[in-house]
Amino acid sequence: SLWSTIDLTGLTLKQVEGYVGRSGTAPLDIVHSDIFQRPAASWGVLSSVLSRIRNLEVGVPAGGSVASQGDISIIEFLVTDPHSTVPMLERYTSDLENLSTGLSVITLPLLGGRTPALRHLKLIDTRMPWSRGFYCNLHTIEIRGCFPGRQSAKDEDICHLFRDCPHLQG
């Protein structure tokens with residue numbers, strides 16, 4: 001569907017509502033290259049269609065800073081909403097390379113690990129926990145920007161990912 005790919009960057013709430021409405025029941029591909037821009041309104045609309053999101057790509061513009069924005073980001077929304085479930089989500093990209101505060105460490109699993117269709121995970125300057133069962137059946141994973149000294153507390157738990165994802169391709 002023409003309306004099923006929605007780039008939230010710079011859209012108003014009314015525009016987001018228009019895209020979502022026109023997309024009908026089609027699976028949604030959501031892109032947002034400035035996750036700290038007007039998040040509350042956009043994420044509120046998207047929370048009603050989480051079950052239709054197929055691809056989600058989030059990032060920050062050059063020089064982006066969490067501290068200067070002071071609002072909730074989509075990443076915080078996706079890891080803290082206890083009712084969030086995205087059964088169709090196949091591909092998730094978090095590109096925080098341009099974040100001026102450096103690597104972002106997310107302490108909770110994306111959607112509490114409730115992403116049964118997730119097959120492609122791309123993390124750039126983003127760390128997530130790797131406990132057993134959080135990410136199952138991935139086919140591809142790309143991790144960049146994780147240098148020594150920029151780690152989450154349990155990086156060794158990434159071994160769980162390999163046990164939970166027997167179909168990872170080299």
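Not a single side-chain hydrogen bond (donor to acceptor under 3.5 Å, both in side chains) links Arg91 to another residue, sequence neighbours left out. Residues that satisfy the salt bridge (charged side-chain N to carboxylate O under 4.0 Å, His left out) test with Arg54, not counting sequence neighbours, are Asp29. Not a single salt bridge (charged side-chain N to carboxylate O under 4.0 Å, His left out) links Arg119 to another residue, sequence neighbours left out. By the side chain to side chain contact (heavy atoms under 4.5 Å, CB included) test, Cys136 is found to be paired with Asp164, residues two or more places apart in sequence or in another chain being considered. Looking at residues two or more places apart in sequence or on another chain, you find no side-chain hydrogen bond (donor to acceptor under 3.5 Å, both in side chains) involving Ser51. With sequence neighbours excluded, the residues satisfying side-chain hydrogen bond (donor to acceptor under 3.5 Å, both in side chains) with Asp7 are Thr9.
Atom CD1 in Ile141 sits 7.0 Å away from atom CG in Leu168 (nearest 0.5 Å). Between the CG atom of Leu28 and the CG atom of Asn55 there is a distance of 10.0 Å, given to the nearest 0.5 Å. A distance of 10.5 Å separates OG in Ser23 from CG in Leu2, rounded to the nearest 0.5 Å. Between atom CG of residue Leu56 and atom CD of residue Glu90 there is a gap of 12.5 Å, rounded to the nearest 0.5 Å. Considering CG of Leu121 and CG of Leu161, their distance stands at 7.5 Å, rounded to 0.5 Å. Rounded to the nearest 0.5 Å, atoms CG (Leu8) and CD (Gln15) are 10.5 Å apart.
Applying side chain to side chain contact (heavy atoms under 4.5 Å, CB included) to Ile30 and the options Leu89, Val58, Ile53 leaves one that passes, Ile53.
Grouping the Ile, Leu, Val, Met, Phe, Trp and Tyr side chains by contacts below 4.5 angstrom, directly or via other members, places Val86 with Val45. Hydrophobic clustering, with ILVMFWY side chains joined whenever heavy atoms are under 4.5 angstrom apart, keeps Leu13 apart from Val31.
With hydrogens and angles ignored, the 3.5 Å screen pairs no side-chain donor or acceptor of Thr115 with any backbone N or O of Leu118.
The two residues Met88 and Arg52 have their closest heavy-atom pair at SD-CA, 4.1 Å. Residue Asn137 comes nearest to Pro166 through the heavy atom pair OD1-CD, 4.4 Å, listed as atom of the first residue, atom of the second, then distance.
A 4.5 Å side-chain heavy-atom check between Arg132 and Arg163 finds at least one atom pair inside the cut-off.
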